[in-house]
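Below you'll find the structure, written out as structure tokens, and then a few comments.
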Amino acid sequence: MPVSVLFRSFRKKIILICLVNVMTLRVYNTLTKKKEAFIPLEEGKVGMYCCGITAYDVCHIGHARSAIVFDVIFRYLRYRGYNVVYVKNFTDVDDKIIGKANAEGTNIAAIADRYIREHNDDMDALGLARPTVTPRATENIKGMIRMIDRLIEEGFAYVVDGDVFYSVDAFRGYGKLAGRSLDDMMAGARIEVDVKKKNPFDFVLWKGSKEGEPWWDSPWGRGRPGWHIECSVMSQRYLGETFDIHGGGEDLIFPHHENEIAQAEGASGKLFARYWIHNGFVKVNSEKMSKSLGNFFTIKEVLAQYHPEVLRLFILQSHYKSVIDFSDAALREARSGMERFYGTLATIEETLARNTAYKDISEKDIFGIHEEYLKKISLLPERFVEAMDDDFNTARAIGYIFDTVRILNSYMADKTFLPEAEPLFVLNAAKGYLREVGKVLGLFLDDPAAYFERDRDRETGKRALDREEIEQLIERRSEARRMKDWKKADRLRDELKEKGIVLKDSPDGTTWTVE
RNA sequence: GGCGGCAUAGCCAAGUGGCCAAGGCAGCGGUCUGCAAAACCGUUAUUCCCCGGUUCGAAUCCGGGUGCCGCCUCCA
């Protein structure tokens with residue numbers, strides 16, 4: 001190998017080592033289209049804003065993906081020691097909400113309240129950490145009017161018959177997030193021409209109210225805010241004019257986030273969000289999930305069928321930016337993975353519950369084979385951080401957890417393994433590591449025994465199986481086994497198998513799951 | 001029409017210049033078990049959509065092609 005080549009690869013290695021030593025979090029930024037080191041504005045603090053829902057309908061799994069992705073980002077940033085202020089808004093005034101209110105003969109607040117409540121129930125069921133602040137648009141009208149006023153003053157907006165529009169031509173950076181120029185967009189634009197607008201891409205900041213619509217007083221007459229202005233105002237109110245992270249689904253990049261930038265930067269003259277993070281879509285049978293196609297699943301529907309962590313595992317096993325294909329087969333696969341995790345956790349719990357001797361010893365008492373296993377297992381947190389620091393690579397992180405689970409199972413399956421103080425200490429430590437990383441991903445938070453019990457309930461419910469009948473058949477089989485009547489026992493097991501019941505015999509008795 | 005993404009085993013999926021291409025699900029062989037299940041051990045891609053190029057070296061970079069998908073309109 002020539003010396004120059006050696007030197008070149010050597011230099012790369014040095015750079016690599018430096019990076020590893022610094023241990024910086026790297027994040028893909030939609031604004032720069034690059035993976036960059038994440039350095040918050042203020043050391044130790046992170047301000048993060050995510051666009052929440054428009055409260056006019058129940059949430060579907062697309063909302064679940066976005067919510068789970070940013071929940072994990074929120075948790076991970078806190079795990080890395082940042083003090084995070086996480087703001088997620090509610091849009092509670094909008095054409096669709098007005099439409100629904102009129103159809104039901106009620107007001108928009110009633111509709112918004114209902115769907116915000118539904119949303120919160122769903123998010124709780126998914127095990128999401130509540131954001132720090134959850135502002136509602138209607139609570140921030142004054143701030144919106146102030147920002148619109150300022151945009152008019154600065155020449156970024158104009159008034160036409162009680163409506164206020166943003167003039168995209170006035171903002172030189174328009175299109176920087178979406179990565180296209182106005183000219184590009186014009187080329188194939190199928191945009192509705194509005195005679196009031198100077199440029200078809202101009203968007204409404206303030207909409208004059210029509211008969212029967214909710215309104216607020218403003219310098220331009222009675223009306224209501226446009227959608228985009230809400231997020232610019234609510235994010236800056238809680239996070240300042242410039243803040244760290246702005247997130248949302250990739251479909252929001254244009255026009256919503258582009259417009260947020262135009263408004264906020266037009267008004268403040270300062271950079272708005274520093275890092276833009278966007279999650280990928282959920283498809284169903286390789287088609288985009290959408291209401292018009294009728295191929296969407298609500299969060300409630302999915303959670304009636306699967307444990308929330310099964311959905312979480314399915315989502316986190318792919319990178320947040322990639323497109324994922326939702327299907328029952330995919331969820332069943334995730335369920336098998338969850339069974340592996342909880343199976344190991346259950347074995348650990350049972351082994352620990354039988355003996356508490358590990359409490360009397362410490363790490364320095366661990367030698368030999370136990371020390372070797374402890375070392376391997378204790379690598380998990382640093383490997384986890386390595387993966388997560390690389391643009392929140394949850395898929396790789398989960399791979400490391402599976403590795404650890406295999407090591408643990410192999411340790412426990414080892415013939416030399418006895419539930420004595422040393423191995424129990426190791427198991428307890430392992431449990432701690434799994435819980436530590438699990439807490440960040442929102443996984444393994446259930447009690448293992450409870451997990452399997454809930455799973456049996458759900459699965460028997462799905463197949464309309466009679467639990468009592470199953471338990472009776474199992475009891476009869478156990479009786480036959482005690483009598484060593486293997487033929488009868490196996491016949492009963494086959495009978496259960498036909499119903500989809502899989503048995504597992506252990507010295508403590510027989511447990512079962514639905515396949 | 002403009003802009004962008006993706007293509008890695010039977011399926012899902014990580015990997016963006018160099019140790020035998022993570023991990024999961026499914027399969028197969030073995031250990032354990034009365035037999036199973038679970039678990040463990042072994043095994044399953046000489047190769048990363050195709051063609052060409054750069055390089056000592058490419059799944060990874062460049063050019064061309066094919067296929068799938070998304071955005072440009074409310075949308076997580």
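Hydrogens, waters and symmetry mates are skipped; everything else that's a heavy atom, side chains included, is used. In what follows, every chain begins at residue 1, and chains take the letters A, B, ... in the order their sequences are listed.
Of the listed nucleotides (B:A14, B:A39, B:A76), B:A39 has the atom at the smallest distance from the side chain of A:Asn409. When the nucleotides B:G2, B:G23, B:G15 are ranked by their closest atom to the side chain of A:Arg180, B:G2 comes out on top. Residue A:Arg396 has its side chain nearest to B:A14 when only B:G23, B:A14, B:C41 are considered. Among the nucleotides B:A37, B:G23, B:G2, the one closest to the side chain of A:Arg406 is B:G23. Of the candidate nucleotides B:A76, B:A14, B:A22, B:A76 has the atom lying nearest to any side-chain atom of A:Val282. In the set B:G2, B:G23, B:A39, the nucleotide with an atom closest to the side chain of A:Ala413 is B:A39. For A:Asn279, the side-chain atoms get nearest to B:A76 when compared with the rest of B:G70, B:C72, B:A76. Of the listed nucleotides (B:A76, B:G24, B:A37), B:G24 has the atom at the smallest distance from the side chain of A:Phe402. Checked against B:A14, B:A76, B:G23, the side chain of A:Ser318 finds its nearest nucleotide in B:A14. Counting only heavy atoms from C-beta on, A:Leu252 has its side chain closest to B:A76 among B:A76, B:G24, B:A14.
Only the P atoms considered, B:C25 is 15 Å distant from B:A37, to the nearest whole Å. Separation of the C1' atoms belonging to B:C51 and B:G24 is 34 Å when rounded to the nearest angstrom. Taking atom P on both B:G67 and B:C50, the two are 15 Å apart, rounded to the nearest angstrom. The C1' atoms of B:C56 and B:C41 are separated by 39 Å, rounded to the nearest whole Å. Going from the P atom of B:U8 to that of B:C48 covers 12 Å, rounded to whole Å. Taking atom P on both B:U60 and B:G53, the two are 14 Å apart, rounded to the nearest angstrom. Rounded to whole Å, the separation between the P atoms of B:C6 and B:U46 comes to 24 Å. Comparing the P positions of B:A13 and B:C3 gives a spacing of 28 Å, expressed to the nearest Å.
The two residues A:Arg312 and A:Gly442 make their nearest non-hydrogen contact at CD-O, 3.1 Å.
Atom CZ in A:Arg383 sits roughly 17 Å away from atom P in B:A14 (whole-Å rounding). Computed from coordinates, the A:Ile324 CD1 to B:C12 P distance equals 13 Å when rounded to whole Å. One atom, NZ of A:Lys33, and another, C1' of B:G4, lie 9 Å apart when rounded to the nearest Å. In this structure, the CD1 atom of A:Ile407 is 11 Å from the P atom of B:G23, given to the nearest Å. Distance, A:Arg26 CZ to B:U16 C1': 12 Å, rounded to whole Å.
Ion pairing between A:Glu495 and A:Arg477 fails under the 4.0 Å rule for side-chain N and carboxylate O. At a threshold of 4.0 Å, the pair A:Asp71-A:Arg75 counts as salt-bridged, since one of the basic side-chain nitrogens sits closer than that to a carboxylate oxygen.
Checking B:C49 for Watson-Crick or G-U wobble geometry (two distances, each under 3.5 Å) identifies B:G65 as its partner.
Residue A:Lys96 is classed as a base contact, given a heavy-atom separation below 4.0 Å to a base. Looking at heavy-atom distances under 4.0 Å, A:His319 makes contact with sugar-phosphate atoms alone, never a base.
Put simply, the side chain of A:Asp163 gets close to the backbone of A:Gly208: a donor and an acceptor are under 3.5 Å apart. Distance alone, capped at 3.5 Å, is enough to place a donor-acceptor pair between the A:Thr30 side chain and the A:Trp276 backbone. With hydrogens and angles disregarded, no donor-acceptor distance shorter than 3.5 Å links the side chain of A:Tyr433 to the backbone of A:Ile377. A donor-acceptor contact shorter than 3.5 Å is absent between the side chain of A:Lys176 and the backbone of A:Leu31.
Checking A:Asn393 against A:Gly249, the closest nucleotide of RNA chain B that is more toward the 5' end is the one next to A:Asn393. Nearest-nucleotide positions on RNA chain B for A:Val323 and A:Lys283 put A:Val323 closer to the 5' end.
Relative to the ring axis of A:Phe165, A:Lys198 does not place its NZ or CZ within 45° and under 6.0 Å from the centre. A cation-pi contact links A:Lys462 to A:Tyr306, judged by a cut-off of 6.0 Å to the six-membered ring centre and 45° from its axis.
The aromatic rings of A:His307 and A:Tyr451 sit tilted relative to each other, their planes meeting at an angle between 30° and 60°.
A:Asn279 pairs by the side chain to side chain donor-acceptor pair (under 3.5 Å) definition with A:Ser66, not counting sequence neighbours.
Within residues 327-350 of chain A, the residues approached by RNA chain B to less than 4.0 Å at the level of any non-hydrogen atom are A:Glu333, A:Ser336, A:Arg340, in residue-number order.
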Measure all distances between protein nitrogen or oxygen atoms and nitrogen or oxygen atoms of nucleotides 30-36 of chain B, and list the pairs falling under 3.5 Å.
from, atom 1, to, atom 2, distance (Å)
B:G34, O6, A:Arg481, NE, 3.1
B:G34, N1, A:Asp490, OD1, 3.1
B:G34, N2, A:Asp490, OD1, 3.3
B:G34, N2, A:Asp490, OD2, 2.5
B:C35, O2, A:Arg493, NH1, 3.0
B:C35, O2, A:Arg493, NH2, 2.2
B:C35, N3, A:Arg493, NH1, 2.9
B:C35, N4, A:Asp505, OD2, 3.4
B:A36, N6, A:Asp505, O, 3.4
B:A36, N1, A:Asp505, N, 2.9
B:A36, N1, A:Asp505, OD2, 3.3
B:A36, N3, A:Arg493, NH1, 3.4

